[in-house]
Novice: 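Before we start, here is the structure in question, set down as structure tokens.
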Amino acid sequence: MATNLSKTYDPSQIEDRLYQKWLEKKYFHAEVDPNKKPFTIVMPPPNITGQLHMGHALDNTLQDILIRYKRMQGYSALWQPGTDHASIATEVKIIAKLKEEGIEKEDLGREGFLERAWDWRKEYGGRIISQLKKMGSSADWDRERFTMDEGCSEAVQEVFMKLYDKGYIYKGSRIINWCPVCQTSISDAEVEYQEQEGHFWHIKYPIVGEDGFVEIATTRPETLLGDTAVAVNPEDERYTHLVGKMLKLPLTDREIPVIADSYVDKEFGTGCVKITPAHDPNDFEVGKRHNLEEINILNDDATINENGGKYCGMDRYEARRVMVEELEQQGLLVKVIKHVHNVGTHDRCKTTVEPMIKKQWFVAMEEMAKPAMEALKTGELKFVPEAFGKTYMHWLENIRDWCISRQLWWGHRIPAYYCDKCGEIVVSREQPSVCPKCGHTHLTQDPDTLDTWFSSALWPFSTLGWPKKTPELEYFYPTDVLVTGYDIIFFWVIRMVFSGYEQTGVSPFHTVLIHGLVRDSQGRKMSKSLGNGIDPLEVIDKYGADALRMTLVTGNAPGNDMRFYWERVEASRNFANKVWNASRFIMMNTEGVDTSAVELSDLEDADKWILSKVNRLAKEVTENMDKYELGIALQKVYDFIWEEFCDWYIEMVKPRFYNAEDERSKAAACWTLTTVLIQALKLLHPYMPFITEEIFCNLQSEEESIMISAWPEYRADWDFAQVENRIERMKEAVRAIRNVRASMNVPPSKKADIFVVAEKEEVREAFTTSRAFFTALSNAASVTIQADKTGIGEDAVSAVTADAVMYIPLAELVDIEKEIARLTKEEKRLAGELKRSHGMLGNERFISKAPAEKIAEEREKLEKYTQMMEQVKEQLARLQKA
RNA sequence: GGAGACAUAGCUCAGCUGGGAGAGCAUUUGCUUGACGUGUAAAGGGUCGCAGGUUCGAGUCCUGUUGUCUCCACCA
């Protein structure tokens, strides 16, 4: 069977089949199991409108790695998946689709529209889930949830009621961000500021009853229609005499007062600010302080309303143009200055948002923010990397009340009812039949829905059954790690944390693992408009899911952005192929060899060395994984497999298969190859689930899957520190010889007799023990090991290591000049080392203050380099004489 | 205006609690050795942005500085 494996790894032949197997075997399913410890991750629910992009791919790869790791460690590891209804995003998509059919949202009515929305969800909502499966995601799909399913909706209602009863949810007229295109309010977090080139229009406001005027500067002249005052700083002597006087508001017949407010900066602009309480958050505050009238001049689509007089009906920008023109004609426009300023836009549609006063529902944040801040201080909540904790704190410290109502249909409808007669507000799960205040029997439900993030905020516990006290909630909650991008801390992480504390009394998770963005090869954000996005499915198609996953975690530290290069995917694919072929080699050579009687005492040096190495690797990788250093852990597994295992150990072992007849030795090699490979595959499995599973299953039959096999643990009986040194010595010797041969262009086919000269008996022993592979790896015709130089001709070149000199009689091939050059270079390197070492050991402060082990270490090095230097000098002298 | 991140080999990036500078790709040169050329062996290439400081010792800690980026605030 083994030899049937193809010469190169072909993921397309394997991935779907294995995923199907995992699904059928229910390996992803986590049960409440009192005999195990729980480990839980909630998947950030992708939007039902979503298509898998690199961000998802990265996010889910990290989660899958953690979940697979913990599952192998014996936890009942739950990765709780689901999707988000994504109110605005979805509603916009459906409206667009209706438009193609020539239908307006209003034509369908609320009921009809929702029907279409649910249809849409049924059709496309599962798309992203099936894409996540292509990644190898081992989420518990049996528990898949949706933010608008029955349970989640119940949780939303429950929270709304509780917060309302507590007075944390209130309805009020506040200045909010309004999107004129989406026609809904949006929260502060959804406003994205963009730098735009604009102008400063300096406009004269004539003083009533006097000749003079006041000059104000504005970036938005059209809002003049809503001005109800002009403010100056109370300490601004230029204007104190004007405070209390009235100004004639240009282009209107209104008169407005000059007021004094410290909000005004004397140094900025003209020092006079027009105050438009209805269309600017700061002016709104000023207006409140001075009891100013709030004049809303805009319709919901950002055209001027009837308060705008003759400009009524014009778009905001058209009105601006016309008004500026008229001001100029009237001589009231002083000047226009170019000005770059930040304009708030809606993050979904990029429309410039309009601050407006609207009656909306809000969540009071002050009290709920407190435990969320406390959580970070006490360490109940940690960010990886830590720096993001500051972002989190800063936002919480400056938090404002959260506008949660949206003028949309797709979402959780606000459970508030208004009495048709007296207007009483009743918040209730069910439609109330009677008004508790006036007894009227007709109440109408609030038409608005809740911000999508209101339900996402409950995700860690609503998905586990809350508000019901389910066994799942009891067992899996609080969850452990939340994995997400730094761009979503404000939207989601913070809201989950304060919701968790408010509703369940605990933080919903103890660690937030933050990752960066996947950018294109030029460092640009991948975006639809740029068309520079790379489809993860295309990558999987070409190189396999394992290669994609590996690419996404290699060489990347938490929280940092990364660039996507096809070259890197290729490198990952090459590694997969390497693993594949090493395994193929092992299968071919171990087939039919009985290893059942092999004991640790049968192992040869090389076997013990690699076993010891993989043993320590397991320990280190586990430590790295526990610290969320996933990139480092993978790098270590990669280096081990490619360098130590493939390039060294497999090469060391080959003579035992090809030449020797020693069955015992062969069996030991087979056992070691298989054992070490399995250990390495297990360590690699969380990163590359498919290829590791395929090989694992081909290698052995007792266990049915690597993904439910036990994670390698360090074991004392596999620790062979002494042997490791001996093999490292051999490697050094081989490298030294290869170096000599390479520098003289001796092809491997040209075998040489090698004489190893080592004074110490233990060194000669080490060479003797490893003679077989040493001969092969150094391309020797023969290896003679001796204590002195007896019988070695003067024409031999030499390779020097710390405790041995290897002589290679290659006289006819040797270019003396080259050899002298090589040795001179080596001499120079050693001189540098010696200088450094002498410097350190000659420094008495080092001797007196550094730890003893460091000093001992340094002394050893000094001794080693001194010996090597002597040898090199001797060889040089010999050559120069010749 | 406030905060944070990054600055290491030609390119993209690792480098954990301070103790002899690394990987991948690229470049140059060998290799039809019976797992793999998606391979293998070697080579070149870095004053770890700059300046101070702490320390026996700093890429790693502290301060300052320059440059790039991000987030928050939004002075109209």
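Each chain gets a letter, A, B and so on, in the order its sequence line appears, and its residues count up from 1. These numbers come from the heavy atoms of this one structure, side chains and all, not from hydrogens, waters or symmetry mates.
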Novice: Within the 4.0 Å heavy-atom criterion, would you say A:Phe490 contacts the bases, only the backbone, or no part of the nucleic acid?
Specialist: sugar-phosphate

Novice: Between A:Met562 and A:Glu629, who's closer to the 5' end of RNA chain B by nearest nucleotide?
Specialist: A:Met562

Novice: Quick one: is B:C16 close enough that its OP1 or OP2 comes under 4.0 Å of any side-chain N or O from A:Asn624?
Specialist: no

Novice: Give me the ring orientation class for A:His339 and A:His341: parallel if the planes are under 30° apart, tilted from 30 to 60°, perpendicular past 60°.
Specialist: tilted

Novice: Heavy atoms under 4.0 Å, any strand shown: does A:Glu651 hit a base, just sugar-phosphate, or nothing?
Specialist: base

Novice: According to a strict under-4.0 Å criterion, is A:Asn745 in side-chain N/O contact with OP1 or OP2 of B:A42?
Specialist: no

Novice: Could you check whether any side-chain N or O of A:Thr228 sits under 3.5 Å from a backbone N or O of A:Leu292, counting only pairs where one atom can act as donor and the other as acceptor?
Specialist: no

Novice: Under 4.0 Å between a Lys/Arg side-chain N and an Asp/Glu carboxylate O for A:Glu354 and A:Arg316?
Specialist: yes

Novice: If you only use heavy atoms from C-beta on, which nucleotide in B:A35, B:G15, B:G24 is closest to the side chain of A:Ala571?
Specialist: B:G24

Novice: Compare side-chain N and O positions of A:Arg400 against OP1 and OP2 of B:C74 and report whether any pair is under 4.0 Å apart.
Specialist: yes

Novice: Pick the nucleotide of RNA chain B nearest each of A:Ser583 and A:Trp642; which residue has the one closer to the 5' end?
Specialist: A:Ser583

Novice: So, is A:Lys578 close to the B:C36 phosphate, meaning a side-chain N or O under 4.0 Å from OP1 or OP2?
Specialist: no

Novice: So, does A:Arg563 get its side chain near the phosphate of B:C13, meaning an N or O under 4.0 Å from OP1 or OP2?
Specialist: yes

Novice: Answer yes or no: does a side-chain N or O of A:Tyr263 lie under 4.0 Å from OP1 or OP2 of B:C74?
Specialist: no

Novice: Would you classify A:Thr218 as touching base, sugar-phosphate or nothing, given that sugar-phosphate means primed atoms plus P, OP1 and OP2, and contacts are heavy atoms under 4.0 Å?
Specialist: sugar-phosphate

Novice: Is it the case that over 12 heavy atoms from other parts of the model lie below 6.0 angstrom from the NZ atom of A:Lys390?
Specialist: no

Novice: So what does A:Ala582 touch, heavy atoms closer than 4.0 Å: a base, only the sugar-phosphate, or nothing?
Specialist: base

Novice: With sugar-phosphate meaning primed atoms plus P, OP1 and OP2, does A:Asp283 contact a base, only sugar-phosphate, or nothing at under 4.0 Å between heavy atoms?
Specialist: nothing

Novice: Taking the basic N atoms (NZ, or NE/NH1/NH2) and the acidic carboxylate oxygens, is any pair closer than 4.0 Å for A:Asp520 and A:Arg563?
Specialist: no

Novice: Have a look at A:Cys272 and say if it touches a base, only the backbone sugar-phosphate, or nothing, with a 4.0 Å heavy-atom cut-off.
Specialist: nothing

Novice: Counting the atoms with a prime plus P, OP1 and OP2 as sugar-phosphate, which does A:Asn560 contact under 4.0 Å by heavy atoms, base, sugar-phosphate, or nothing?
Specialist: sugar-phosphate

Novice: Stepwise, does the salt bridge (Lys or Arg N to Asp or Glu O under 4.0 Å) test hold for A:Lys636 with A:Glu644?
Specialist: CA-CA 11 Å; A:Lys636 284 182 179 169; A:Glu644 307 292 9; over 6 Å; no

Novice: A:Arg735 near the nucleic acid: base, sugar-phosphate alone, or nothing, with a heavy-atom cut-off under 4.0 Å?
Specialist: sugar-phosphate

Novice: Can you find a side chain N or O atom of A:Lys825 that sits less than 4.0 Å from OP1 or OP2 on B:A42?
Specialist: no

Novice: Searching all strands shown, indicate the nucleotide that pairs with B:G24 (Watson-Crick or G-U wobble; both distances under 3.5 Å).
Specialist: B:C11

Novice: Across the strands shown, which category fits A:Arg738 at heavy-atom distances under 4.0 angstrom: base, sugar-phosphate, nothing?
Specialist: sugar-phosphate

Novice: Assert yes or no for the condition that the ring centre distance of A:Phe564 to A:Trp566 is strictly below 6.0 Å.
Specialist: yes

Novice: Ignoring hydrogens and angles, state whether a donor on the side chain of A:Thr352 or A:Thr345 is under 3.5 Å from an acceptor on the partner side chain.
Specialist: no

Novice: Using purine N1 to pyrimidine N3 plus N6-O4 or O6-N4 for Watson-Crick, or N1-O2 and O6-N3 for G-U wobble, each under 3.5 Å, what pairs with B:U55?
Specialist: none

Novice: For the side chain of A:Glu397 and the base of B:A3, is some donor closer than 3.5 Å to an acceptor across the two?
Specialist: no

Novice: Has A:His339 got a side-chain N or O lying under 4.0 Å from the OP1 or OP2 atom of B:A76?
Specialist: yes

Novice: Look for any protein N or O under 3.5 Å of an N or O in nucleotides 55-57 of chain B and output each such pair with its distance, or none.
Specialist:
unit_1, atom_1, unit_2, atom_2, d
B:C56, OP1, A:Lys849, NZ, 2.3
B:C56, O4', A:Arg845, O, 3.4
B:C56, O2', A:Asn843, ND2, 2.9

Novice: Tell which nucleotide pairs with B:U70, taking only Watson-Crick or G-U wobble pairs whose two distances are both under 3.5 angstrom.
Specialist: B:A3

Novice: Tell me whether the OP1 or OP2 atom of B:U17 has a side-chain N or O from A:Lys627 closer than 4.0 Å.
Specialist: no

Novice: Contact class for A:Gly631 (heavy atom, under 4.0 Å): base, sugar-phosphate, or nothing?
Specialist: nothing

Novice: P atom, B:G52 versus B:G59: distance in rounded Å?
Specialist: 14 Å

Novice: Do A:Thr866 and A:Lys864 pass the side chain to side chain donor-acceptor pair (under 3.5 Å) test, and can you show the C-alpha distance, the side-chain angles, and the key distance before you say yes or no?
Specialist: CA-CA 5 Å; A:Thr866 308; A:Lys864 173 178 158 187; over 6 Å; no

Novice: Hunt down the Watson-Crick or G-U wobble partner of B:U60, both distances under 3.5 Å, from any strand shown, or write none.
Specialist: none

Novice: Under 4.0 Å between a side-chain N/O of A:Lys390 and OP1 or OP2 of B:G4, yes or no?
Specialist: yes

Novice: Nearest of B:G15, B:A35, B:U40 to any side-chain atom of A:Phe585?
Specialist: B:A35

Novice: Indicate yes or no for a side-chain donor-acceptor contact from A:Arg519 to the backbone of A:Arg524 under 3.5 Å, with no hydrogens or angles considered.
Specialist: no

Novice: Base, sugar-phosphate alone, or nothing: which one does A:Lys7 contact when heavy atoms must sit under 4.0 Å apart?
Specialist: sugar-phosphate

Novice: Would you say a side-chain N or O of A:Asn577 is under 4.0 Å from OP1 or OP2 of B:A35?
Specialist: no

